[in-house]
Structure formats: structure tokens, C-alpha cells
Amino acid sequence: MSLRWKIFSLYFVILIISLASTGLYLYGYIEKSYLDNVKVNNLMQANMISNFVARFVGTSSSYLIEPTILEYAKQINSRILFTNVNGKVLVDSAPSKEFEGKVINNYNDVKEALAGKGSTSIHDINGVGWAMYTAVPVIAKNNIVGVILISSSIDNVINLLNSIKYRMIYTFTGIGIIVSFLSLLVASYITNPLKRLTEATNILSQGKLDYKVDVKSSDEIGKLANAFNKMSFNLMKIDEERKRFVSDASHELKTPLASVKALIESLINSKNQDVNFYKEILKDVNGEIDRMTRLVNDLLELARMDRMKTAKVRRSEISEIILDVIDSLLPVAKTKDINLEFKGKNGVFAEVDPDRLYRMVYNIVENGIKYTHHGGNVMVGLEEDEDNIYLTISDSGIGISEETLPKIFDRFARGDTARSKKSGGFGLGLSIAKEIIDMHEGKISVESKVGEGTVFKITLPKTKKN
Ligand SMILES: Nc1ncnc2c1ncn2[C@@H]1O[C@H](COP(=O)(O)OP(=O)(O)OP(=O)(O)O)[C@@H](O)[C@H]1O
Ligand SMILES: [Mg+2]
């Protein structure tokens with residue numbers, strides 16, 4: 001069952017229950033009030049006649065009883081029976097006098113009255129209609145000497161009650177239909193945006209990642225739609241990044257492959273028999289293969305980190321790792337006459353993945369050397385406090401322009417200067433460094449001025465949170 005019908009059914013059931021219970025309660029109340037009113041009236045009249053009759057029973061004026069009863073019956077438009085203490089009818093006001101002489105002490109009302117209590121009951125008399133029987137005892141000198149039984153038609157009351165009943169049924173049914181219709185509209189109003197969201201999800205799952213759903217409300221469904229749109233936007237961005245990554249990676253592989261092919265072809269076509277010529281070309285081929293190997297290794301490293309987002313940490317001495325990096329980069333620095341130095345604290349420990357940390361520091365220091373002129377400086381600093389370690393890698397190099405700065409951590413991002421210098425980099429070093437810092441739940445920031453130099457600041461927590 002769809003949500004729309006569920007909401008509608010719920011509304012409907014609540015509506016029926018509330019309308020039915022209100023209707024039944026109201027009708028019961030009205031019926032009781034009307035009938036109680038008639039009852040009280042009839043008992044009053046019966047008591048009046050009973051008092052009157054009581055005065056004459058067993059006196060010389062008892063002959064007055066019958067005409068008085070007949071007269072009264074005419075006035076109140078009812079049938080009046082008067083019985084003696086045994087329930088034998090002495091007077092029947094009906095012209096037929098049908099009951100005179102009959103014993104009616106088997107009538108419940110008569111029984112009650114003979115026991116001293118006034119009593120009423122309602123009967124549907126075949127062919128005549130609705131009647132109310134009212135019986136009261138006739139008490140003379142503290143003794144029950146008989147019963148007055150009045151039978152009056154209550155057709156008008158019953159008809160009125162019936163008409164109230166039908167009016168209520170019609171009104172409540174009308175209300176029921178209108179409210180049901182409205183609840184169907186409300187249910188549609190609630191579920192339509194959900195329907196659109198479902199459609200959008202299906203479209204998205206078919207690969208149309210930039211699909212947006214148009215829901216403007218600010219309620220929970222609106223929030224869901226916003227979250228959906230954000231998700232589809234992010235999916236699209238991730239997808240674009242992936243596509244660009246694949247195309248950049250292929251492009252980067254294509255260039256060295258093309259050079260290798262050109263070099264080999266020149267060997268094949270060469271008439272030159274000189275071994276040194278061959279060696280020279282094979283050296284170039286070897287260089288290109290090294291470059292490709294480096295690229296493939298970088299790509300594999302990134303793929304590994306994409307798969308495993310958390311670092312396998314162990315307590316390590318950070319200055320030792322930094323000194324290892326400096327040791328291995330010192331020869332490169334020397335070729336450019338660059339002063340590469342560690343100016344930080346020793347004996348600083350933190351929970352890190354030492355191989356990855358080495359890689360991160362290496363990539364940034366290597367950049368420092370690569371993008372600094374002959375005779376420049378590259379410094380590595382290390383500080384700590386209770387929770388974090390702070391690494392600073394600064395150089396007096398060419399600097400990074402403001403437009404390039406926000407992009408340097410992207411994969412395959414290279415500054416124009418770097419390109420023009422044909423630095424030979426792939427633009428992967430910093431993105432790998434950034435991934436490693438993310439894995440350690442750390443932060444990296446960079447400040448740079450073109451022509452003056454660059455400072456990378458890295459904060460790493462000493463212990464991993466989870
Ligand atoms: N210390 C720095 N000084 C000036 N420019 C820098 C520095 N570090 C990075 N850059 C700029 O940021 C770009 C990205 O750096 P990244 O290390 O990711 O790539 P790369 O050095 O070009 O290549 P790879 O590191 O993959 O060999 C560089 O091409 C360069 O333009
Ligand atoms: Mg680099």
C-alpha cells in the first residue's frame with residue numbers, strides 16, 4: 001500500500017471513529033432528554049389522577065371515579081386504566097372498555113406500581129404506534145388500593161427523534177465525505193514530493209548524476225530534497241574528478257611512451273653503428289621508463305590510500321624521520337648548492353605511520369629544493385605541545401602565484417612556472433602528501449609569495465582519535 005493510501009486510511013479510520021462516537025453520544029443524549037421529559041410529565045399526570053381517585057375509593061362518592069377518569073383521559077388524549085389492588089381493571093377509558101374486568105397484574109409496570117413504585121415503559125404497539133405506559137399506585141390511608149395506568153402515544157416524540165437521527169446521519173456522512181476528500185488532497189500534498197524524490201533517485205541511479213529535484217518546502221521533506229541535491233552535486237564532482245584523473249593519468253603515461261617509441265624508432269632506422277650512439281639513446285629510454293615507473297608508483301600509492309582511508313600508526317620519533325628525508329635529499333640539494341637544514345626539536349614522538357610520514361615530508365622538501373634557485377635555503381622545523389606536533393617546511397624559492405595556490409593539492413596540479421621550467425613533476429606529490437595528512441587527521445596550510453619563497457605548516461595530533 002502506498003504512503004498516500006496509508007495516510008488516507010489513517011485519516012479515514014480516525015474520522016469514522018470520531019464521527020460515529022460523537023454521533024452516538026449526541027443522539028443518545030438528545031433521546032434521553034426528550035424521553036425523560038415525557039416520562040416526568042406522564043408520571044406527574046398519573047400521580048394527579050391517582051391522588052384524585054384515592055380520595056374517592058371506598059367512599060360514598062366512589063361513583064365519581066369513572067366519569068372523572070373518562071373526562072381526564074379525554075383531556076390528556078390518553079387511555080387510562082384503573083385497577084384494584086389485585087390488578088383487576090375497574091375502569092378502562094377506551095370506548096371499547098376492552099380491559100374492564102380483566103386482571104393485568106402480569107404487566108411489569110402494574111407489578112411495580114402495586115409494589116409502591118411509579119414506573120414507565122415504552123412499547124411499539126402493532127398497528128397503533130409508539131406508546132408510553134405509566135403506572136403509579138393509588139394510595140388511600142397509607143394502603144395501596146389500586147393502580148392508575150396511563151397509555152399515551154409518543155409517536156410525535158419518536159418521529160422527531162427519528163428525524164434528528166436521519167439529519168445527523170446525513171450531516172455526518174456529508175462531513176465524512178468532504179473531510180475524506182480533503183485528507184486525500186493532504187496525503188497527495190505530503191507524498192508528491194516523496195514521489196518526485198523517488199523518481200530523482202531512480203534517475204540518479206541510472207547514472208544521471210547531476211539530476212536535481214525541485215522541492216521548495218522547508219519541512220523535513222524539503223530538507224531531504226536539499227540533502228539529495230547536495231549528494232547528487234557531490235557525486236557529480238567526484239565523478240568528474242575521477243574522469244579527469246583517468247584522463248590526466250593516461251595523458252601523463254602517453255607522453256613518455258611516445259618518447260620511448262620515437263627513441264626506439266630512431267634506433268631502428270639509424271644506420272649509425274656507433275655503440276655510444278646506441279647507449280645514449282638507451283639511456284634516454286631508461287630515463288623515460290624511470291619516469292613512467294615513478295608515475296605508476298605514485299598512482300598505485302594514491303589508489304591504495306583511496307581504498308584505505310586510515311593510517312596504521314605506531315609511536316615513532318619524528319625528528320628521526322625528518323633527518324632520514326634530509327639525508328636522502330641532501331645530494332640533490334648539493335647539486336643546486338641549496339642549504340638544506342633541520343632546525344627543530346629532537347626526541348619528539350607521535351603515533352604515525354612512519355613510512356607514510358617519510359613520504360609526506362619527502363614530497364614537500366623535494367618541492368622546496370625543486371622550486372628554489374641555486375644557492376637558496378630549505379628549512380625543516382619541528383615543534384610540539386601536549387596534543388600536537390608542528391612541522392614547518394620553508395624555502396626561499398620561486399613562490400606560488402595566488403591563482404595556483406588553491407589548486408596545488410589537487411591531483412595533477414602543476415603551476416605554470418613549474419611547467420615552463422619542465423620540472424618533470426606530475427603534480428601528484430602534494431596530493432599524496434595531503435592524503436597522508438588527512439589519514440593522520442592532521443592539517444596543512446601554505447603561505448607563499450612569488451619570488452620570496454613558500455612555507456608549508458603541518459599540524460598532526462600526537463595520538464589518533466579512533
Ligand atoms: N615549494 C614550492 N615552491 C613553489 N611552487 C611549489 C612548491 N611546492 C609546490 N609548488 C607548486 O605546486 C605544484 C604541485 O606540486 P606537486 O608536488 O604536487 O607536483 P610536482 O612537484 O609538480 O610533481 P611531482 O611532485 O608529482 O613530481 C608544483 O607543480 C608547483 O607549481
Ligand atoms: Mg612535487
Side-chain angles (χ1 to χ4, degrees), residues 1-18 175-253 298-311 403-413 427-428 430-432 434-444 465-466:
M1 188 154 73
S2 74
L3 186 60
R4 187 165 84 125
W5 286 106
K6 275 186 196 160
I7 294 174
F8 171 71
S9 320
L10 190 70
Y11 262 104
F12 192 74
V13 169
I14 293 173
L15 182 74
I16 295 292
I17 292 174
S18 47
I175 294 175
I177 291 170
I178 292 169
V179 175
S180 301
F181 179 70
L182 288 179
S183 71
L184 203 61
L185 287 185
V186 171
S188 300
Y189 177 76
I190 294 173
T191 54
N192 272 348
L194 284 177
K195 228 159 119 191
R196 269 187 282 154
L197 264 170
T198 314
E199 271 167 26
T201 313
N202 283 333
I203 293 172
L204 189 88
S205 71
Q206 282 157 15
K208 200 170 170 345
L209 296 181
D210 60 341
Y211 192 78
K212 295 254 168 314
V213 60
D214 182 27
V215 175
K216 287 197 180 65
S217 59
S218 57
D219 54 15
E220 285 81 351
I221 295 174
K223 281 182 193 143
L224 180 64
N226 271 338
F228 176 89
N229 286 343
K230 234 182 256 168
M231 177 187 75
S232 76
F233 178 74
N234 285 338
L235 278 177
M236 193 184 64
K237 254 184 30 193
I238 291 169
D239 191 51
E240 271 172 7
E241 251 166 48
R242 188 182 54 84
K243 281 182 188 149
R244 207 182 45 232
F245 181 67
V246 171
S247 119
D248 286 350
S250 324
H251 192 81
E252 290 296 339
L253 279 171
D298 280 357
L299 291 177
L300 283 175
E301 181 67 19
L302 279 170
R304 258 199 300 274
M305 285 193 287
D306 278 344
R307 249 185 294 127
M308 202 184 61
K309 289 276 183 203
T310 49
E403 311 93 76
T404 317
L405 207 56
K407 289 184 246 157
I408 55 170
F409 295 108
D410 293 349
R411 295 176 182 184
F412 294 109
L428 290 177
L430 282 182
S431 61
I432 291 174
K434 171 88 168 69
E435 291 286 341
I436 292 172
I437 291 163
D438 287 348
M439 273 182 147
H440 287 85
E441 287 152 14
K443 274 184 264 169
I444 181 165
K465 282 173 207 107
N466 42 47

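Everything numeric in this text was worked out from a predicted model, so none of it was measured.
- Atom CG in N229 sits 11.0 Å away from atom CG in D210 (nearest 0.5 Å).
- Residues that satisfy the salt bridge (Lys or Arg N to Asp or Glu O under 4.0 Å) test with D306, not counting sequence neighbours, are K309, R411.
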Go through the steps to decide whether K223 and D219 satisfy the test salt bridge (Lys or Arg N to Asp or Glu O under 4.0 Å), and finish with yes or no.
CA-CA 6 Å; K223 281 182 193 143; D219 54 15; over 6 Å; no

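- Atom NZ of K212 is surrounded by more than 12 heavy atoms from other residues, nucleotides or ligands within 6.0 Å.
- Two residues are said to be in side-chain contact when any heavy atoms from C-beta on lie closer than 4.5 Å; Y11 and L182 fail this criterion.
- Between the CH2 atom of W5 and the OG atom of S188 there is a distance of 8.5 Å, given to the nearest 0.5 Å.
- The closest side-chain heavy-atom distance from L224 to V215 is not below 4.5 Å.
- Two residues are said to be in side-chain contact when any heavy atoms from C-beta on lie closer than 4.5 Å; N192 and K195 meet this criterion.
- Partners of R307 under the salt bridge (Lys or Arg N to Asp or Glu O under 4.0 Å) rule, at least two apart in sequence or in another chain, do not exist in this structure.
- Counted within 6.0 Å of CZ on F245, heavy atoms from surrounding residues, nucleotides or ligands total more than 12; the atom is thus considered enclosed.
- The side-chain heavy atoms of L15 and S183, taken from C-beta on, include no pair separated by under 4.5 Å.
- Counting only heavy atoms from C-beta outward, the side chains of S431 and F412 never approach each other to under 4.5 Å.
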Is there a salt bridge (Lys or Arg N to Asp or Glu O under 4.0 Å) between R304 and E301? Walk through the geometry before answering.
CA-CA 5 Å; R304 258 199 300 274; E301 181 67 19; 3.1 Å; yes

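- Applying the side chain to side chain donor-acceptor pair (under 3.5 Å) test to every pair with at least one member in residues 234-249, sequence neighbours left out, gives these pairs: D239-R242, D239-K243.
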